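Lettering of chains follows the sequences in order, A, B, ..., and the numbering in each one begins at 1. Predicted model, so just to flag it, every value in this text is computed and none were measured. Both backbone and side-chain heavy atoms feed into the values below; hydrogens, waters and symmetry mates do not.
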There are 2 protein chains.
Amino acid sequence: MIRRQVIDPAFPQCPIRNVLARIGDRWTLLTLLVLDAAAQPLRFKELCQALPDVSQKMLASTLKALEADGLVQRQSYAEIPPRVEYVLTDRSRTLLPLLHPLVDWSHRHLDDILASRLRYAEQQAEAAE
Amino acid sequence: MIRRQVIDPAFPQCPIRNVLARIGDRWTLLTLLVLDAAAQPLRFKELCQALPDVSQKMLASTLKALEADGLVQRQSYAEIPPRVEYVLTDRSRTLLPLLHPLVDWSHRHLDDILASRLRYAEQQAEAAE
DNA sequence: CGGGATCCATTTAGATACTG
DNA sequence: CAGTATCTAAATGGATCCCG
């Protein structure tokens, strides 16, 4: 028995598709965690440095998506040189406590999962002979 | 201050990249939830039907990735016609309780998030004039 | 400094047809 | 039934240059 309203992809406003798909993308979750760990507003450049291999383009589009969803707030100051800071919102602060257990789970199970992947790859290689 | 070991993408075995990136893809989480909701082994075809718009190709590769990570177990029976069933594992059963709050959160905040997106899009349209 | 615009390489997804 | 193979379309990611 499936809880269709919650997980049915045919349900026009399937929450999983609309919400989790976004935090599941490559940089969104990482960005939220960096802001959370910093516990203070961060500038574009600081975020860029905290995520060593994000490109400016991807960080910019990630931040725009987060801002559109009301998960970060963008504060721009009319200064020279310009300064823009990003902060978590009340909405994202209700989300982060749910994300931490997931991060911890990943951390705890990483070694086992990597071992499983290796074993699986070996089995596939054997079967191919 | 950033908990580097946990979230640093430069950390060679960054758990977020290795684990969460995978469950964050388009079908993985949905597949796990369907198996969880079913509470019984499901055949390939049943999964295909539970996820109305997944293609065979995507379901097959999703299941292979889940199997490689030890998050589902594949049981194939030597029958004619062939029968293959997929079940959750002990490992994924420790993960699912962490996923449910996330699904609930998405469900509760979906309307607000969609409204935020709309407002954001309108503001962008205005600014473009 | 904080991006936007553009171009290009790579990856990913889907449709269709086919097989053990 | 449970997939694989192949081809194509589309989305994603990165590099570079430019601007307020």
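- In this entry the distance linking CG of B:L42 with P of D:dC1 reads 15 Å, nearest Å.
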Fill in: Derivation of the side chain to side chain contact (heavy atoms under 4.5 Å, CB included) call for B:L95 and A:H109
CA-CA 10 Å; B:L95 176 60; A:H109 293 268; over 6 Å; no
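- In this structure, B:D53 places its CG atom 8 Å from P of C:dG14, rounding to the nearest Å.
- One atom, CH2 of B:W27, and another, C1' of C:dT12, lie 13 Å apart when rounded to the nearest Å.
- Counting only distance, with no hydrogens or angles, the side chain of B:D25 and the backbone of B:W27 share a donor-acceptor pair below 3.5 Å.
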Protein-nucleotides 2-5 of chain C N/O pairs closer than 3.5 Å?
residue: C:dG2; atom: OP1; partner: A:R43; partner atom: NE; Å: 2.9
residue: C:dG2; atom: OP1; partner: A:R43; partner atom: NH2; Å: 3.3
residue: C:dG2; atom: OP2; partner: A:K45; partner atom: N; Å: 3.3
residue: C:dG3; atom: OP1; partner: A:R74; partner atom: NE; Å: 3.4
residue: C:dG3; atom: OP1; partner: A:R74; partner atom: NH2; Å: 2.6
residue: C:dG3; atom: OP1; partner: A:Y86; partner atom: OH; Å: 3.4
residue: C:dG3; atom: OP2; partner: A:Y86; partner atom: OH; Å: 2.4
residue: C:dG3; atom: N7; partner: A:Q56; partner atom: OE1; Å: 3.1

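- Rounded to a whole Å, the CG atom of B:L59 is 16 Å from the C1' atom of C:dT12.
- Between B:D25 atom CG and D:dA11 atom P the separation is 17 Å, expressed in whole Å.
- When the P atom of D:dA11 is taken as reference, atom CE of A:M58 falls 14 Å away, rounded to whole Å.
- In this model, no donor atom of one side chain and acceptor atom of the other lie less than 3.5 Å apart for A:T62 and A:R26.
- A:L33 contributes atom CG, which lies 9.5 Å from atom CG of A:L51 (distance to the nearest 0.5 angstrom).
- Atom pair B:Q75:CD and D:dA2:C1' shows a separation of 15 Å (rounding to whole Å applied).
- Phosphate proximity of C:dG14 to B:R26: present, with a side-chain N or O under 4.0 Å from OP1 or OP2.
- A:S116 and B:R91 share a donor-acceptor pair across their side chains, judged by distance under 3.5 Å alone.
- Considering OG of A:S76 and CZ of A:F44, their distance stands at 13.5 Å, rounded to 0.5 Å.
- Rounded to whole angstrom, the span from the CG atom of A:L51 across to the P atom of D:dG14 amounts to 11 Å.
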